[in-house]
Structure formats: structure tokens, C-alpha cells
Amino acid sequence: MNKNKAKLLASAALALCFNLPAVAQWGAPSPSTVVNPDNTVTFNFRAPNAKDVKVNAQFAGTKDMQKGENGVWSVTLGPTAPDIYPYCFVVDGVQVADPQCPEWFPNETFKNSLLDMRTAPLIHEVRDVPHGSVDYVDYYSDLMGLYGRLVIYTPPHYDQNPNKKYPVFYLISGTTDTEEVYFKVGKVNFILDNLIAEGAAKEMIVVLPYGNPSLYFPKGTNTFQMGDIFSKTLINEIMPFVEKNYRTINEKDSRAIGGFSRGGNQGLANGLANLDKFSYLCSYSSFTSPQSSPEVYANGADTNSKIKLFWLGVGTDDFLYQNAKEYMDLLDKSGIKNTKEFTTDKHGHTWMNARYFLDKSLRLLFK
């Protein structure tokens, strides 16, 4: 096949993906995102035949773009604080991920692209420090009769210290998020690498389970009779699997549990129901309910004797703020010691908050 024909076929195939004419793909593409010196961001999207193009960026909402030369639509938004922001384009009413961006948000539904602004030092940036490893692991669940997925972080030099054992943090992501999100968006591995290098956090293993295992089953499967699948698999299958295959310290003072949004509620529910297994509890921007384990709130002194750290964070502009604040007030009223963190500038219920809360709470685990 000659080069011109191959180029035409490749262009046509790409055009089918984005509903664009093949000739629109010829020539050098414009950069899809440009971070300007003043921390504004210029978004570009090439769509010569589109009638309407918008960009939806988490720091700015949905904004119209203007059509320019060569069919490139553009808009400049911000300024905003350097961080990682999900975004997508909306082309004639259809959500489209950025075809020029290799970073995307793992999700059960539409997968946004990720804008990583690196114009200031950030705790999740990749630094010249020793790095841990991230494993994708399959475990077999007798309860579900199928394999589930875990993402597991081990700290720097884990493989070089075969006799050393480590504490474990079970970290659960939120509604519609997959087990990859605290790795690919939360950047927990880089945050921990940097904190460990600074001497600001203990070395630990971090286990990222999938908080919605009912979606492992074929569509239409009735899993209602199985009850709380996540909690059962976490306590009875995931934890034994991790402790068998990784060098963990298997005692309550060396285990932490927490998460973001729904994962925070799952973390607190499982932690408070199993205070013989967990001493560190973390809730990040989560819906919380005191209905489970009511005995925890009935005797604050007894609860305090079992918990090393009860950490809770939420943004004052988060739609879950009122619920989270009421739960914090309940803890105070019950005499249960806790650490609170509030934000005002991270755009509500976002992973900007999740990364910030990780930075603050990881420093306090297992100390």
C-alpha cells in the first residue's frame, strides 16, 4: 500500500470516530490544551463541520467555544489554581473525550480527559525520589463465583527488603469510579512516594478495591439476595488475599480504611463494624450514616480507646457538606475524638479535594 493511500484510510478511520471529514485530519493538529503563564487555559478542538462546540472543564463549567481558522474551535478559561482537572468537549450535543490527551478518568460511564497543570509545585507531582510499585491483581471471590480486581501500591524498596512487613491502608473510591481512580486520578502512589521521601509519612501498602462489585455480574443479574457484597468480600476475601500475598502487619493498629464519597461511607461502615481489625478511619467528602454500629456512638470513651485516628474532610461547597458536618457534630456530641479538615476552593465534590485530603491524612497514619 502506498503512503498516500495509507494516510487517506487512516484519516478516514479517525474521522469516523469523531464524525469529521477525513480531510479535516490532515496537517499538524493544534494543541488541545495550552496552559498560559497566567494560569488560564486555552482549549482547542478541531471540528470544521460542527455547528456548536463547547468545553466542559471542572474548574469552569460548560463554556461555548468560537470557531476559528481551519475549523479549530477555541476558548480561554480561568485563571485557576494548578491541579488536575477533568474535562471534555461537547460537539453538537455529544460528549467527546480529547483525542490528543493520553490521560483519562477511569469511570463506569463517560470517561473525561485530564488536564494536569504543572505550573507550581504539587504534592502529587513526579519527583526525583525513590518510587513504589503499582500492581494490578486479580483475586478469586467464592461469594461472587468470579474474579475481582485490585490495584495495590507497595512502597519504595519493597522487593529489596524481603523480611520487612508493612501496615496497610484500604482505600475505596467513590460512586461510578473504578478501582483505578485513586491511582490514575488520585495519584496516591506519587503522593506517598513524596511524603515517604520527606519523612512525612510511614511506609505502607495501599489496597484499592472496587466499591461496586455488583457490576462484575452480567446485566440483569439479581444480586439483592447476596446483601452487601462489597463488605463481605472486603472482610472475608480481599483482606485474607492481601495478607497471604503481601508482607503485611496483621493487627488492628497497622490497618487503616477510608475512601472518597461512597467509598468513605463504605470505609467508615466497615471500619466501625470491625474495630477489632482497624484503628485508623478516614472519610473524604463522603456521605455518612450513623445507622450502622449505633454502639459506637453510645459510648464515646470506649470508642476512643479503640481508634488511633478518626479523620474527616469535606469542602464547604460540596453538595454533601451538610450531611458530613452533621456527622462530625454527632461525633463531637458523642465525645468521639476526631480530626476535621474543611476546604473552600476546590470546586465542591471533586478529586482535587480527594488528593488534598490524602496529603493531610497520610501524614498521620500508623504513627
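The model shown is predicted, which means the values in this text are computed figures rather than measured ones.
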- Message: The test is side-chain contact (heavy atoms from CB on, under 4.5 Å); show your working for Phe230 and Asn212 and say whether it passes.
- Response: CA-CA 7 Å; Phe230 174 78; Asn212 188 20; over 6 Å; no
Within the 3.5 Å criterion, strictly below it, is a donor on [X] or [Y] matched to an acceptor on the partner's side chain?
X      : Y      : value
Asn107 : Thr176 : yes
Thr288 : Asn323 : yes
Asn265 : Tyr327 : no
Thr154 : Asp135 : no
Ser261 : Ser285 : no
Lys54  : Asn56  : no

Would you name the heavy atoms of [X] and [Y] that are closest together and state the gap between them?
X      : Y      : answer
His124 : Arg355 : ND1-CD, 3.8 Å
Val53  : Ala47  : CG2-CB, 4.4 Å
His347 : Thr350 : O-CG2, 2.8 Å
Pro31  : Asn44  : O-ND2, 2.7 Å
Thr248 : Lys165 : O-CD, 3.7 Å
Phe43  : Ala57  : CZ-CB, 3.9 Å

Sequence neighbours excluded, which residues qualify as side chain to side chain contact (heavy atoms under 4.5 Å, CB included) partners of [X]?
X      : result
Ser231 : Asp228, Asn270
Glu103 : Cys101, Leu114, Lys187
Glu251 : Ile249, Ser254
Asn236 : Lys232

Going by the angle between their ring planes, with limits at 30° and 60°, are [X] and [Y] parallel, tilted or perpendicular?
X      : Y      : answer
Tyr182 : Trp351 : perpendicular
Tyr139 : Phe241 : tilted
Tyr170 : Phe278 : perpendicular

- Message: Are Val72 and Phe89 connected into the same hydrophobic cluster when the rule is that any two of I, L, V, M, F, W, Y join if their side-chain heavy atoms are below 4.5 Å apart?
- Response: no
- Examine Val185 and Val41 and state if one hydrophobic cluster contains both, with Ile, Leu, Val, Met, Phe, Trp and Tyr joined whenever side-chain heavy atoms are less than 4.5 Å apart. no
- Message: Using 0.5 Å steps for rounding, measure from the CG atom of Leu171 to the CE atom of Met204.
- Response: 10.5 Å
Under 4.5 Å between side-chain heavy atoms, chaining through other members, with only Ile, Leu, Val, Met, Phe, Trp and Tyr counted: pull out the rest of the cluster around [X], sorted by chain and number.
X      : result
Leu320 : Phe287, Phe319
Trp104 : none
Tyr147 : Tyr140
Phe190 : Val126

- Item | For Tyr158, all residues meeting ring-ring contact (aromatic ring centres under 6.0 Å, His included), sequence neighbours excluded | Tyr166
- Hits for ring-ring contact (aromatic ring centres under 6.0 Å, His included) against Tyr216, two or more places apart or cross-chain, chain-then-number order -> Tyr210
- Query: Under the side-chain contact (heavy atoms from CB on, under 4.5 Å) criterion, do Val55 and Val90 qualify, and how do the steps go?
  - Reply: CA-CA 6 Å; Val55 62; Val90 184; over 6 Å; no
- Run the side-chain contact (heavy atoms from CB on, under 4.5 Å) check on Phe260 and His349 step by step: do they pass? CA-CA 9 Å; Phe260 173 72; His349 196 68; 3.9 Å; yes
- Task: Go through Leu312 and Phe310 one step at a time and tell me if the side-chain contact (heavy atoms from CB on, under 4.5 Å) criterion holds.
- Result: CA-CA 7 Å; Leu312 306 102; Phe310 204 143; 3.7 Å; yes
- Could you tell me whether a side-chain N or O of Ser173 sits under 3.5 Å from a main-chain N or O of Thr178, the two making a donor and an acceptor? yes
- Item | Pairs flagged by salt bridge (Lys or Arg N to Asp or Glu O under 4.0 Å) wherever residues 174-185 is involved - sequence neighbours left out | Glu180-Lys184
Output side-chain donor-acceptor pairs under 3.5 Å for residues 358-367, partner residues at least two apart or in another chain, one line each.
from	atom 1	to	atom 2	distance (Å)
Asp359	OD1	Arg363	NE	2.9
Asp359	OD1	Arg363	NH2	2.9
Ser361	OG	Tyr284	OH	2.6
Ser361	OG	Phe357	O	2.8
Arg363	NE	Asp359	O	3.1
Lys367	NZ	Ala200	O	2.9
Lys367	NZ	Arg363	O	2.9

